Amino acid sequence: MVIVFAVNAICYGAIYVKMQQTARQASSDNQNDKYHKAAKLMLLFVAVYLLQWWPYTTQALWSLVTPIPFGMVIIVVVVCNLGGLYNAIVYTIIRRRYTKVSGVENNSAMQTGNTNAD
């Protein structure tokens with residue numbers, strides 16, 4: 001599990017760095033904003049992944065050295081199994097941001113008389 005955790009963390013980090021580089025090279029401000037928003041969103045997913053799996057990785061490393069206290073096992077089980085709750089929170093955050101952005105765009109389009117969503 002430690003190897004899987006490390007590989008995932010390295011891959012997510014590499015993707016984030018690549019997105020930042022692409023954002024710097026973007027030609028327009030609008031496109032640059034999109035890359036920054038995508039990078040922030042990806043960082044949110046990485047943070048949730050790390051939050052969910054760091055206790056298990058710590059437990060795996062700890063078990064190599066000494067037996068794990070029962071309280072630590074309970075914490076690991078609870079935190080790792082809250083992944084569905086973490087995903088629901090992330091979904092809610094994304095949904096609220098999308099709804100705010102979409103609502104602003106739709107209101108400005110209606111005011112100008114443009115109903116084309118493209």
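The structure displayed is predicted, hence computed values, not measured ones.
Leu50 and Val4 sit in two unconnected hydrophobic clusters of ILVMFWY residues. Membership requires side-chain heavy atoms under 4.5 Å apart, directly or through other members.
Interatomic distance, Tyr12 OH to Leu43 CG, rounded to the nearest 0.5 Å: 11.5 Å.
Between Met72 and Gln59, the closest heavy-atom pair is CE-N, 4.2 Å.
In this view, Ile74 and Phe70, Val78 satisfy the side chain to side chain contact (heavy atoms under 4.5 Å, CB included) rule, not counting sequence neighbours. Partners of Ser63 by side chain to side chain contact (heavy atoms under 4.5 Å, CB included), not counting sequence neighbours, listed by chain and number: Ile68. Qualifying side-chain hydrogen bond (donor to acceptor under 3.5 Å, both in side chains) partners for Tyr49, counting only residues two or more places apart in sequence or in other chains: Asn8. Listed by chain and number, the residues in a side chain to side chain contact (heavy atoms under 4.5 Å, CB included) with Pro67 amount to none (sequence neighbours excluded).
Among Val46, Ile93, Ile94, the single residue meeting the side-chain contact (heavy atoms from CB on, under 4.5 Å) criterion with Leu41 is Ile94.
Here Val17 is tied to no hydrophobic group at all, with no ILVMFWY side chain closer than 4.5 Å.
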Using residues 79-92 as the side-chain source, report each donor-acceptor pair under 3.5 Å to any protein atom, sequence neighbours left out, with the distance given to one decimal.
residue: Asn81; atom: ND2; partner: Val77; partner atom: O; Å: 2.8
residue: Tyr86; atom: OH; partner: Val79; partner atom: O; Å: 3.4
residue: Asn87; atom: ND2; partner: Gly83; partner atom: O; Å: 3.2
residue: Thr92; atom: OG1; partner: Ala88; partner atom: O; Å: 2.8

